[in-house]
Amino acid sequence: MEEMLRMEHISKRFGSFYANKDVNLTVNRGEVLTILGENGAGKSTLMNILIGLYQPTEGKIFFKGKEERIDSPSQAVKLGIGMVHQHFMLVEAMTVFENIILGDKRSKGVFIDREARRREILELSERYGLDVELDKLITEIAVGAQQRVEILKALYHGAELLILDEPSAALTDIEAEGLFAIMHKLVDEGKSIIFISHKMREVLHISDRITILRAGEVVTTVKCSETDGQKLANLMIGRELSSSQYEKKQAGGQPVLKLDGVRYHEQSKHNGLAGITMEVRPGEIVGIAGVDGNGQTQLAQVITGVIAPEKGTLSLKGKQVSVFDPSDFIENNVSHVPEDRNLQGLVGDMSISDNLVLKATGSGRFSKGRGLLLRPKAIRSHALELAGEYDIRCTSVDQDVRSLSGGNQQKVILARELESGPELLVAVHPTRGLDIGATRFVHDQMIEARDKGVGILLISADFDEILEMSDRILVIFEGQIMGEYSGQNPPIQEISLAMTGK
Amino acid sequence: MNLSAISSIILATVRMCVPVLLIALAELYSERAGMVNIGLEGLAAIGALAGFMLTYTTGSTWVGILAGAAAGILVNMIYAFATVSLCANHTVYGMAINLLAPALASFIYRVAFGNGSSLMQVELMRGIGIPGLKDIPFLGPLLFDQTPMVYLTFALVIFTSVFFNRSKAGLNYKSVGEHPKAAATLGINVTGTKYLSCVICGALAGIGGAYLTTCYSTTYTEGIVSGRGFIALAAVIFGRWTGGGVLLACLFFGLCDALQIRLQVSSLGVPYQFFQMIPYVATVVVLAIAGSKKAGPKANGKPYRKEER
């Protein structure tokens, strides 16, 4: 088989930290090579080297048999390497058409020949089944369509090797199926694809070969037909992953949280609460199952004091809450792992150690005079301790939280929220976007907290996560609780139906 | 109001609008590449001085205009280097230009002409009537009997609109202000474009300043720019970051200026400062109404770091 790309002994260092170390890989024409690895294993760095955004510290790159120095993105585009980034590189204020022709070097002339360009794009779009509406603004089209624009853009710029960085992360199942169909078409036409993902099912479904990356180094490359999910997972995290069966518990005692007929923006089906009555007892995980956008966000906000219910009551440890203010809830030992970690959970431009004490700056441990003067030493040593305990992988605790991978950011939040000694933990999509290893870690920590007597409300759109973790399952639909089920041998069929409102 | 009053207001509007328009276009080119340059006031001040001095020494207003552009570019390179290469804060360095450049201009003026009270004067650029068009009754003499700088400025508005909406280069240029990383992945030279934008911005703002001393006032005085840099900043926002929009905004501010002069002359008994306030009050009002709705280029004012993780 003809070789398209070969990377030899590639290393990339940031300061003293090796993001990639002595990486070798090859991609043949007409195949899908998957690069599998946990968050922070160096997948994105490797790809950024390939497209000329980063320069490798060491190593050689051969493209179509010739050694090439890819010192700029334009060089990569010229060679025929295109990438669809995990966070799309689309200019939102421009139309689909403008985004595709952006940076066009092939056509001559000062002005944009709209007719000719449109014809070229439409031809490509038909050939590969990439259905897009050229005159819509990027903000007006769905995520799946934005992705098709990205692929079309790469093809328009002459890509023969296409890199797809976690392309299915933002897609619904149906959209993902469409993506795989497109990928099949591309390789049938002789293009090559580097597919980056950690969703095992997808990887096994679409790949020809799989290269596993761990801590910046290649572990091995295997043929897809000769492996299975368990083997891959073990190779990826470097140890045997025990099967994840958590023991289900039944809790008694006085509820830490009690909601009675809570209503908020009832008229809005997707962003309101229409009379929620429920409770969480110490030492149990209550899972809220439901399709995204059925009031989960508002439920979490009410329970953490961000918004006040319009009707109904909320009690913490048996005491009815009258003032809804997050700081009161924090004082009542309510911890919160929020839905969007970058928007709500962390201050990206602050260091790890500062983020870890955000809620406790007033305590005597970290400051003198109730927050008047901070104790930097105590804050730092606290951070070092937690970084070890929660396996936060960083070069230094003084590093900006923004520069951490998603999994490590989530660990920072979890460390802060669990260290504050909560009695109630509200965790919203706690493992969204996390890889297997980090997910397992978060789950283990939550189970451990439960066993210590913390009442946990788990809100997740990931049904598997709900089933795995919950001691009791409540189903939410259009702001209402549709039913309660035991976490022990839950009736999956019935719950699925309840999630659709039946 | 009679016809001659109206015609004199239109004439004044066009005259008042041009320097603001030049400076606003400077900012438009800057912000389209994501560079929020609030140092326009300073750039225009140094441009005004350079324009005056070179016109005074060579006797040619065109040399003065070019000198204004060169001075603007030179000073703006401080801002460019600090913000593009060193990723410094745009506002801080823009403000630094605003503090540095006018003071530098006054200093140079005193060194060159001394502290004396006699005002040095230059001869202003002459108007050129466009044959045919200038004979249109009423409007002809108002719009088509101006200095070449007026025509050039309006031509620049048209060019700007075409550049950003129709040309490939303009599309690439805009992408740098919207999403520099995306632009970089497509092989667009982000750093180069940002520097280019600073050159254009410095040149146009400098010319805007030089216009004041070559086409507007026969002499250089301290504070000759008198807030036009800030009004231009507002005009870009009001004009929604488009050539046509900026033109309309500047005409509106020009009209306010023309009106206030008219009112100053005709209303005795009211302190003139009250009328002088009008353009600035209009700016505040307009910004309050138009400012928030649609933010401009998305990566405006944000540093672009190449190997950011």
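Numbered from 1 within each chain, the chains take letters A, B, ... in sequence-line order.
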Taking 4.5 Å as the heavy-atom cut-off, does anything in residues 182-190 of chain B contact chain A, and if so which residues? B:Ala182, B:Ala184, B:Thr185, B:Leu186, B:Gly187, B:Ile188
Quick one: pull up NZ in B:Lys168 and CG in A:Leu102 and give me the separation to the nearest 0.5 Å. 12.0 Å
If you count the non-hydrogen atoms of other residues, nucleotides and ligands that lie under 6.0 Å from OH in A:Tyr128, is the total more than 12? yes
Heavy-atom distance under 4.5 Å between the side chains of B:Arg166 and A:Arg114, does that happen here? yes
Within the 4.5 Å heavy-atom criterion, are A:Glu92 and B:Glu178 side-chain neighbours or not? no
Contacts of A:Arg69 that satisfy salt bridge (Lys or Arg N to Asp or Glu O under 4.0 Å) - sequence neighbours left out: A:Asp71
Does the side chain to side chain contact (heavy atoms under 4.5 Å, CB included) test come out yes or no for A:Met94 and B:Leu171, once each step is laid out? CA-CA 9 Å; A:Met94 291 185 184; B:Leu171 192 65; 3.8 Å; yes
Residue A:Lys153 versus chain B: region with a heavy atom under 4.5 Å: side chain
Which region of A:Val110, side chain (C-beta onward) or backbone (N, CA, C, O), has a non-hydrogen atom less than 4.5 Å from a non-hydrogen atom of chain B, or is it both or neither? both
For residues 19-41 of chain B, which residue pairs pass the ring-ring contact (aromatic ring centres under 6.0 Å, His included) check, not counting sequence neighbours? B:Tyr29-B:Phe164
Most contacts with chain B, counted as non-hydrogen pairs under 4.5 angstrom, among A:Ser72, A:Gly109, A:Gly82, A:Gly52: A:Gly109
Not counting sequence neighbours, which residues clear ring-ring contact (aromatic ring centres under 6.0 Å, His included) with B:His179? List them please. none
